[in-house]
Amino acid sequence: VPAAEMALKNAKITAKDLDLIIVATDTPDYLSPSTASVVQYRLGATQSGTFDLNSACAGFVTALDVASKYIKADAKYSNILVVGAYGMSKYLNFDDYKIATLFADGAGAVVVQA
């Protein structure tokens, strides 16, 4: 959510201006609802659709590609929030340095516009 808020600020729009939220993650907090729906609720983005996309390391880039295709295909979409979020630490054994050092937690977000 903080990454999404920063992206909205940088785009000079509010959550109510969003048409769609796509969250790329393979470490969701819940199986249901989608992480994108949780982000939508916490931002107050009452006019946007939502869905999650899971393609592991390629998730953020794939979500950007999907967002650009929505923008090109349908004039209804002007502002799409794309978030990449990973919380691998909850699944790691930190005693296994060969694996634990490869993964981290973090999030980034952008607003894709027409």
Side-chain touch Val111/Ile13, heavy atoms, less than 4.5 angstrom: yes
Flag, side chain of Asp52 to backbone of Ala36, donor-acceptor distance under 3.5 Å: yes
Check: Thr46 main-chain N/O paired with Tyr41 side-chain donor or acceptor under 3.5 Å: no
NZ (Lys90) with more than 12 external heavy atoms under 6.0 Å: yes
Check: Ile99 and Asn93 side chains under 4.5 Å, non-hydrogen atoms: no
Shortest non-hydrogen separation from Ala67 to Val112 and the atoms involved: CB-CG2, 4.1 Å
Any side-chain heavy-atom pair of Leu8 and Thr14 under 4.5 Å: no
Residue pair Asp29 / Val38, side-chain heavy-atom distance below 4.5 Å: no
Distance, nearest 0.5 Å, that separates OG of Ser55 from CG of Asp26: 8.5 Å
Non-hydrogen side-chain atoms of Leu43 and Glu5 separated by less than 4.5 Å: yes
Minimum side-chain heavy-atom gap Ser34-Val23 below 4.5 Å: no
Side chain Asn79, main chain Asp19, donor-acceptor under 3.5 Å: no
Side chain Thr62, main chain Ala58, donor-acceptor under 3.5 Å: yes
Whether Tyr77 and Tyr70 hold their rings parallel, tilted or perpendicular, with breakpoints at 30° and 60°: perpendicular
CD1-CZ distance between Ile22 and Phe51, expressed to the nearest 0.5 angstrom: 3.5 Å
Under 3.5 Å donor-acceptor pairs involving side-chain atoms of residues 100-110, not counting sequence neighbours:
{"from": "Thr101", "atom 1": "OG1", "to": "Tyr97", "atom 2": "O", "distance (Å)": "2.8"}
{"from": "Asp105", "atom 1": "OD1", "to": "Met88", "atom 2": "N", "distance (Å)": "2.8"}
{"from": "Asp105", "atom 1": "OD1", "to": "Ser89", "atom 2": "N", "distance (Å)": "2.9"}
{"from": "Asp105", "atom 1": "OD1", "to": "Ser89", "atom 2": "OG", "distance (Å)": "3.4"}
{"from": "Asp105", "atom 1": "OD2", "to": "Ser89", "atom 2": "OG", "distance (Å)": "2.5"}

Residue pair Phe60 / Leu53, side-chain heavy-atom distance below 4.5 Å: no
Positive for side chain to side chain contact (heavy atoms under 4.5 Å, CB included) with Leu20, one of Ile80, Val82, Ile71, Thr50: Ile80
Polar contact flag, side-chain donor to acceptor under 3.5 angstrom, Thr25-Thr35: no
Pair Lys12 + Asp17, salt bridge at N-O below 4.0 Å: no
N/O donor-acceptor pair under 3.5 Å between Gln113 side chain and Ser78 backbone: no
